[in-house]
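When a ligand or atom number is given, it counts from 1 through the structure's own listing order. Position 1 is the first residue of the sequence; numbering continues from there.
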Amino acid sequence: MRAYFLAGVILISLVGATQIASANSSLAYEGRRLFVSYCQLCHGPDGRGDGPLAKSMKITPIDLTKSIRARSDTILKKIISGRGRQTITGRDRHNLISDAMPEWKDVFSDTQIDALISYLRFLGSSKHKLLGDPEIGRQLYRQYCQVCHGEEGEGDGIMTTLMEIEPMDHTNPNETNSLSNDILIKSIIEGRGRYMPAWEGILTQSEVEALVSYIRLLSH
Ligand code: HEC
Ligand code: HEC
């Protein structure tokens, strides 16, 4: 009895502690927010170059989901910030980045540029679509999932001290990429193993899809 009581006290104090600590989320998640405000007008919501402004300016930004694979982070930093952009070679068309691509050096901090690069890497490598709204997913994840899956999705939430099993690391792209959106949705709705609860009737389909999108961004 006493042992249960003590365990309860420890648990409550641990839960209290995580509520105070604020969760940092993945860079790609932050990058997506910036991309939506600053880049998609030209590059299109999925980076494919079909944004509304590009059409009216009669420019054709390259398909970022393809072009960025061959670009190192250093080069991407130069391209996005504009610092040292003129020295970039290796482009097929003119070896130059078109002037229509604004220079962002006075707009973003280095961390924000890193976040944008993470999101571009996500666009260039994820096999899976973002089905739902990851903003909503982040709030739900913090509220209902981080106790087990961890603040950053690494599978090290405080409840894992009570379970004998650690959930998979949602920040590991090899692990989450191997699971389709349908499989993730099914695990969330129906539950998995002994400890992963079933959320059917608790979360709506669109909330589950929002969570799946957030999990996708966690791995980048
Ligand atoms: C006003 C339109 C516009 C906006 C806004 C814009 N871009 Fe561009 N971007 C372009 C154009 C045009 C190119 C050049 C395409 C080309 O030369 O093929 C380009 C090129 C790029 C490239 C280089 C692609 C490559 O590999 O050659 C990257 C990376 C890029 N943009 C990222 C961004 C990011 C990140 C943002 C938001 C912070 C952004 N762009 C906002 C128009 C824009
Ligand atoms: C009580 C602890 C607990 C909570 C709360 C919890 N999970 Fe899990 N979850 C687990 C465990 C443990 C597993 C691994 C199950 C297995 O494979 O046996 C898991 C597995 C999963 C899986 C399957 C893929 C994987 O990571 O193994 C997904 C997706 C998932 N959880 C998402 C969520 C989401 C989204 C929430 C919040 C709505 C959530 N979980 C809440 C414990 C939890």
Side-chain angles (χ1 to χ4, degrees), residues 31 34-44 47 49 51-73 75-82 85 88 90-105 107-108 112-113 115-121 123-124 137 140-150 153 155 157-160 162-170 172 175-176 178-179 181 183-199 202-203 207-216 218-219:
L34 296 170
F35 191 88
V36 168
S37 299
Y38 295 93
C39 322
Q40 71 155 346
L41 270 182
C42 293
H43 287 286
L53 197 57
K55 277 177 214 146
S56 63
M57 289 168 77
K58 301 210 166 44
I59 50 172
T60 43
I62 202 162
D63 181 346
L64 291 179
T65 64
K66 299 212 170 78
S67 77
I68 67 124
R69 281 181 219 156
R71 301 251 184 237
S72 69
D73 284 5
I75 299 283
L76 284 175
K77 256 180 216 162
K78 286 186 182 174
I79 295 176
I80 297 170
S81 70
R85 192 189 275 172
I88 295 165
R91 274 184 65 75
D92 36 352
R93 272 189 260 170
H94 320 287
N95 269 355
L96 287 171
I97 301 299
S98 141
D99 286 345
M101 165 65 183
E103 299 189 357
W104 299 96
K105 57 179 175 295
V107 180
F108 300 123
Q112 287 174 313
I113 292 183
L116 281 161
I117 293 173
S118 289
Y119 183 59
L120 294 180
R121 295 266 176 247
L123 290 176
L140 294 167
Y141 198 88
R142 278 189 182 180
Q143 250 178 304
Y144 304 117
C145 321
Q146 82 168 25
V147 282
C148 293
H149 288 277
I158 49 158
M159 298 287 271
T160 54
L162 301 179
M163 307 181 294
E164 298 110 53
I165 172 170
E166 276 199 7
M168 80 160 52
D169 182 353
H170 285 161
N172 180 334
E175 298 204 21
T176 49
S178 68
L179 303 174
N181 281 339
I183 291 198
L184 289 176
I185 289 172
K186 193 169 164 358
S187 297
I188 299 170
I189 290 180
E190 296 175 8
R192 256 184 89 94
R194 277 175 73 193
Y195 298 113
M196 168 63 190
W199 297 89
I202 302 170
L203 297 174
E207 286 174 324
V208 172
E209 288 175 1
L211 281 160
V212 169
S213 292
Y214 182 62
I215 292 171
R216 293 269 174 240
L218 275 173
S219 59

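Here Leu41 has no heavy atoms under 4.0 Å from ligand 1, in either its backbone or its side chain. At a 4.0 Å heavy-atom cut-off, ligand 1 touches Pro102 through the side chain alone. With a 4.0 Å cut-off on non-hydrogen atoms, Leu34 does not touch ligand 1 at all. Within the 4.0 Å heavy-atom criterion, the part of Trp104 lying near ligand 1 is the side chain and not the backbone. Here His170 has side-chain heavy atoms under 4.0 Å from ligand 2, and that is the only part of it that gets that close.
Between Phe35 and ligand 1 there is no heavy-atom distance shorter than 4.0 Å.
For Leu211 against Gly137, the heavy-atom pair with the smallest separation is CD2-O, 3.5 Å. Residue His149 comes nearest to His170 through the heavy atom pair ND1-CE1, 3.3 Å, listed as atom of the first residue, atom of the second, then distance. Ala100 and Pro102 get closest at one heavy-atom pair: O-CD, 3.1 Å. In terms of heavy-atom proximity, Gly155 sits nearest to Thr160 at O-CG2, 3.6 Å. The two residues Thr176 and Met168 make their nearest non-hydrogen contact at CG2-SD, 4.3 Å. Scanning both residues, Glu207 and Leu140, for their nearest heavy atoms gives CB-CD1, 3.6 Å.
In terms of protein heavy-atom proximity, atom 18 (O) of ligand 2 is nearest to Ile165 CD1, 3.5 Å. Protein heavy atom in closest approach to atom 29 (C) of ligand 2: Leu184 CD2, 3.6 Å. Ranking protein heavy atoms by distance to atom 5 (C) of ligand 2, first place goes to Tyr144 O, 3.4 Å. Given atom 36 (C) of ligand 2, the protein heavy atom at minimum distance is Cys145 SG, 2.8 Å. Nearest protein neighbour of atom 27 (O) of ligand 2, counting heavy atoms only, is Met168 CG, 3.6 Å. Of all protein heavy atoms, the one lying nearest to atom 23 (C) of ligand 2 is Arg192 CD, 3.5 Å.
Between Trp199 and Tyr144, the ring planes lie tilted relative to each other; the angle falls in the 30° to 60° range. Aromatic ring orientation, Phe35 versus His43: tilted (interplanar angle from 30° to 60°).
Between the CD1 atom of Ile80 and the CD1 atom of Ile113 there is a distance of 6.5 Å, given to the nearest 0.5 Å. Expressed to the nearest 0.5 Å, how far CG of Asn181 lies from CD1 of Ile215 amounts to 10.0 Å. Here the CE atom belonging to Met101 is positioned 7.5 Å from the CD1 atom belonging to Ile79, to the nearest 0.5 angstrom. For the atom pair SG of Cys148 and CE of Met163, the computed distance is 4.0 Å after rounding to the nearest 0.5 Å.
The residue among Leu120, Ile79, Val36 with a heavy atom at the shortest distance from atom 22 (C) of ligand 1 is Ile79. Considering Cys148, Gly137, Pro167 only, the shortest heavy-atom separation from atom 11 (C) of ligand 2 involves Pro167. When the options Lys66, Met101, Arg69 are ranked by their closest heavy atom to atom 13 (C) of ligand 1, first place goes to Met101. Within the set Met57, Gln112, Gln40, His43, the minimum heavy-atom distance to atom 39 (C) of ligand 1 is found for His43.
Around atom 8 (Fe) of ligand 2, the angle linking His149 (NE2) with Met196 (SD) is 180°, rounded to 10 degrees.
Every atom of ligand 1 is numbered from 1 in the order shown, and the set under 4.0 Å from a heavy atom of Ile59 is 12 (C). Every atom of ligand 1 with a heavy atom of Cys39 under 4.0 Å away is listed here by number and element: 34 (C), 35 (C), 36 (C), 37 (C), 38 (C), 39 (C), 41 (C). The contact set between ligand 1 and Leu76, taken as ligand atoms under 4.0 Å from a residue heavy atom, comprises 29 (C). Within ligand 2, counting atoms from 1 as listed, the ones closer than 4.0 Å to a heavy atom of Gly193 are 18 (O). Atoms of ligand 1 lying under 4.0 Å from at least one heavy atom of Cys42, given by number and element, are 1 (C), 2 (C), 3 (C), 4 (C), 5 (C), 42 (C), 43 (C). Taking every non-hydrogen atom of Ser67 and a distance limit under 4.0 Å, the qualifying atoms of ligand 1 come out as 24 (C), 25 (C), 26 (O). For ligand 2, the atoms sitting less than 4.0 Å from at least one non-hydrogen atom of Ile188 are 29 (C), 32 (C), 35 (C), numbered in the order shown with element in parentheses.
Residues Pro52 and Leu41 have side chains in contact (heavy-atom distance under 4.5 Å, counting atoms from C-beta outward). Annotation: side chain of Ile68 is in contact with side chain of Arg121 (closest heavy-atom distance under 4.5 Å).
The N/O atoms of Trp199, backbone and side chain alike, include none that comes under 3.5 Å of an N/O atom in ligand 2. Residue Tyr38 has no N or O atom closer than 3.5 Å to an N or O atom of ligand 1.
When the shell of 6.0 Å around CZ of Phe108 is examined, it contains more than 12 heavy atoms from other residues, nucleotides or ligands.
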